[in-house]
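So you know, we letter chains A, B, ... as the sequences are listed, proteins then strands, and number each from 1. Side chains included, hydrogens not; waters and symmetry mates left out as well; all remaining heavy atoms used.
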Amino acid sequence: MDTAHLVDLLLAVGMVVLALQVVSERAVLRSIILFVVFGLVMALAWTRLQAPDLALAEAAIGAGVTGALMMMAWRRLLIINPDQPADTPRGRSRVAVPVALLAAALVATIGLSALNIDPHANGAGLIALDELTDTSLGNPVTGVLLLFRNLDTLLEMAVLLIALLGARAVSTPAHPNEAAVVETSAPLVGALLAILVPLSILIATHLLLAGTNEPGGAFQAGAVLAAGGVALVLTARLQPGERPGVVTQLAVTAGLLAFVGIGVGIMAFGEKLLVLPGTWAIYVIETAMMVSIGLTLALLFAGAPALVGRPK
Amino acid sequence: MTEILFVLAASVVFGIGVWGLLIAEHLLRKLLALNVMSSSVFIIMLVVAGGGPDGPDPVAQALILTGIVIAVAATAFALALMVSIYRKTGRASITEKGDDDR
Amino acid sequence: MNFQDGIAVVLLIAGCFFYLAGTVGLLRFGDVHSRLHALTKADNLGLMLVCAALAVLAADWRISALLALIWLLGLLAATVSAHLIARHARRGWE
């Protein structure tokens, strides 16, 4: 067994052990933290599978944003009722183990038999790679997301917006200080923010621009931007607001508007629906998507329809 | 070899997720289990799609990327629902009627 | 194995040793402050040694600069988070 396979084995065992701990740990907060670790091991697995785009997305969105959202939700529960037990008893279910074993066996059977199928000579992935040489894009994943299957991406932006609107509809407005976890007066916090927030904007811009040719793209960039927003919310530099202004509403819908605007507007020039007219259109749409994704995730984290600056 | 290993590990993780979903009472734990399940499905999707020397199938990668973002959107909405259920009922679990006195 | 690889291996092993020490400290020490002490000191040094080993292996200025940046960012995050955890622990805040 060579080193590469040893790494695979470590990652596989790590995933299984961490998944088991996530679901069987009794303290909820520990479960959430273990889930973040599970997400980071997943990111390593994506790297091993030569999918750096997915590794970036998993680390930023799967582990980072999801973990932050879960911790904030747990905090909200504690604010509503501070006497809440940190441990949650396991439910009793006689069918749990057999059903889980069956599910695992079913998935393994499907997966292993699908491995034996020879790849189709005209598979969508190969066609996408072929067509990519006609475009100026170097990253095939960005190509698929924005050129070949962009209806998926458009609807994905719609789903993100609907999730935000849905969350807004079911929740009562957050208290201005509810999301601020860190004492605003703590020394070093200001220094950290002074470095972290510009850095998150810089890295997001880099991921966005690099995303056309290298790993990266609007989703990873948006998540990094959201991380900067989360840091500002945690330190109360940004506080939940009650009423979204025009800027917030525009920023949240920018991705969708740019996509639909260009995708439908192009039909006036005799093109088909959602055929993007060139690299500039990809940059415009990706930038708008990054802003929308970042702000939407930050708003979902803050649990508020808008974010406002701290009152002086 | 790598493919088979990852498919097997992901299947086990999927089973663990199903088990966690069934035994969890707290809604937050159910969401964690669901997220674990979706991660394992993504791994299997990528491995099964195969690929060339330049890396895995780009269409599969794009679909999984979409899936990751949809998963976080759905999780965020579900968490908002959970908080609101807790605010109304004082419980972060959904139990059937008559199930309360366990 | 040439000279360059030899240096990298020594640095990697040293880095892993500090990570191991930091983790043992995290698990064995009793209170929050001692645990933070073990984590921040040992792991930051471990990260530096691992980054240095990778820089030696890469033998490229661009990659070395990026690795140095990664170490500095890790240092920044570790410093501030340890500081905040210690403050909360001292005030008995859960």
Side-chain angles (χ1 to χ4, degrees), chain A residues 5 8 12 15-16 19-20 22-23 28 31 35 42 45 49-51 53-54 57-58 61-62 65-66 69 73-74 76-77 80 88-91 93 96-97 99-101 103-104 107-108 111-112 114-115 119 124-125 128-129 140-141 144-145 149 152 156 159-160 163 166-167 170-171 219 300, chain B residues 1-20 22-26 28-29 32-33 35-36 39 43-44 46-51 55-62 64-66 68-70 72-77 79-84 86-87 90 92:
Chain A
H5 285 129
D8 289 343
M15 280 196 297
V16 170
L20 198 58
V22 169
V23 298
V28 177
S31 268
F35 176 75
M42 282 282 299
L49 293 168
Q50 290 180 294
D53 289 279
L54 295 180
E58 183 77 43
I61 306 174
V65 177
T66 310
L69 283 169
W74 177 241
R76 293 224 162 85
L77 297 186
I80 297 170
T88 52
R90 247 184 231 170
S93 170
V97 173
V99 170
L101 287 175
V107 172
L112 290 178
L115 273 184
L129 282 174
V141 182
V144 173
L145 281 173
R149 290 195 68 93
D152 290 1
E156 176 183 5
V159 168
L160 208 54
V170 299
S171 45
F219 294 109
L300 282 168
Chain B
M1 169 67 198
T2 303
E3 285 84 4
I4 295 175
L5 181 68
F6 273 112
V7 166
L8 286 178
S11 311
V12 176
V13 171
F14 186 85
I16 292 171
V18 171
W19 178 66
L22 288 174
I23 61 159
E25 296 239 310
H26 201 286
L28 195 56
R29 312 195 66 94
L32 281 168
N35 271 291
V36 167
S39 298
I43 289 266
I44 290 181
L46 189 81
V47 173
V48 162
D57 190 298
V59 174
Q61 287 195 60
I64 294 168
L65 196 54
T66 310
I68 292 176
V69 178
I70 301 276
V72 76
T75 303
F77 177 57
L79 287 170
L81 273 178
M82 176 192 76
V83 173
S84 135
Y86 191 76
R87 214 185 284 274

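Comparing Thr75(B), Leu28(B), Ile44(B) by heavy-atom pairs within less than 4.5 Å of chain A, the highest count is held by Leu28(B). For the options Leu8(B), Leu79(B), Val47(B), heavy-atom pairs under 4.5 Å to chain A are most numerous at Leu79(B). The most heavy-atom pairs under 4.5 Å with chain B, out of Ile80(A), Leu129(A), Val65(A), come from Ile80(A). Of the listed residues (Ala74(B), Ala80(B), Gly90(B), Ala92(B)), the greatest number of heavy-atom pairs within a distance under 4.5 Å of chain A belongs to Ala80(B). Among the candidates Ser84(B), Ala76(B), Pro56(B), the residue making the largest number of heavy-atom pairs closer than 4.5 Å to chain A is Pro56(B). Between chain A and the options Ala9(B), Gly55(B), Gly20(B), Ala10(B), heavy-atom pairs under 4.5 Å are most frequent for Ala9(B). For the options Val12(B), Leu32(B), Val13(B), heavy-atom pairs under 4.5 Å to chain A are most numerous at Leu32(B). Here Leu77(A) is the residue among Leu20(A), Leu77(A), Val159(A), Val99(A) with the most heavy-atom pairs under 4.5 Å with chain B.
With rounding to the nearest 0.5 angstrom, the CZ atom of Arg29(B) is 13.0 Å from the CZ atom of Phe35(A). Note that the CG atom of Leu101(A) and the CH2 atom of Trp19(B) stand 11.0 Å from one another [nearest 0.5 Å]. Expressed to the nearest 0.5 Å, how far CD1 of Ile68(B) lies from CD1 of Ile61(A) amounts to 6.5 Å. In this structure, Gln61(B) CD and Leu49(A) CG are separated by 9.5 Å, a value rounded to the nearest 0.5 Å. Note: Leu115(A) CG to Glu3(B) CD = 6.5 Å, rounded to the nearest 0.5 Å. Here CE of Met82(B) is found 11.5 Å from OG of Ser171(A). Values are rounded to the nearest 0.5 Å.
Residues Leu81(B) and Val170(A) come closest through the heavy atom pair CD2-CG1, 3.7 Å. The two residues Leu5(B) and Ala12(A) make their nearest non-hydrogen contact at CG-CB, 4.0 Å. Heavy atoms only, all atoms of each residue included: Phe6(B) and Ala45(A) are closest at CE2-CB, 3.9 Å. Scanning both residues, Pro58(B) and Gly125(A), for their nearest heavy atoms gives CG-O, 3.8 Å. The shortest non-hydrogen separation linking Ala103(A) to Phe14(B) is CB-CE2, 3.8 Å. In this structure, Leu160(A) and Ala73(B) approach most closely via the heavy-atom pair CD1-CB, 3.5 Å.
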Hey, mind stepping through Thr66(B) and Asp152(A) against side-chain hydrogen bond (donor to acceptor under 3.5 Å, both in side chains) and telling me if it holds? CA-CA 8 Å; Thr66(B) 310; Asp152(A) 290 1; 5.7 Å; no
Evaluate side-chain contact (heavy atoms from CB on, under 4.5 Å) for Met15(A) paired with Ser39(B), printing each intermediate quantity in order. CA-CA 10 Å; Met15(A) 280 196 297; Ser39(B) 298; over 6 Å; no
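Looking at Ala33(B), both its backbone and its side chain come within 4.5 Å of chain A, counting heavy atoms on both sides. Proximity to chain B (any heavy atom under 4.5 Å) is restricted, for Met42(A), to the side chain, taken from C-beta onward. Contact of Leu65(B) with chain A is made through backbone and side chain together, with heavy-atom distances under 4.5 Å. Contact annotation for Val69(B): both backbone and side-chain heavy atoms come within less than 4.5 Å of a heavy atom of chain A. Interface remark: Leu300(A) contributes side-chain atoms only to the contact with chain B (heavy atom separation under 4.5 Å).
For Ile4(B), the CD1 atom is loosely surrounded, since the number of other residues' heavy atoms within 6.0 Å does not exceed 12.
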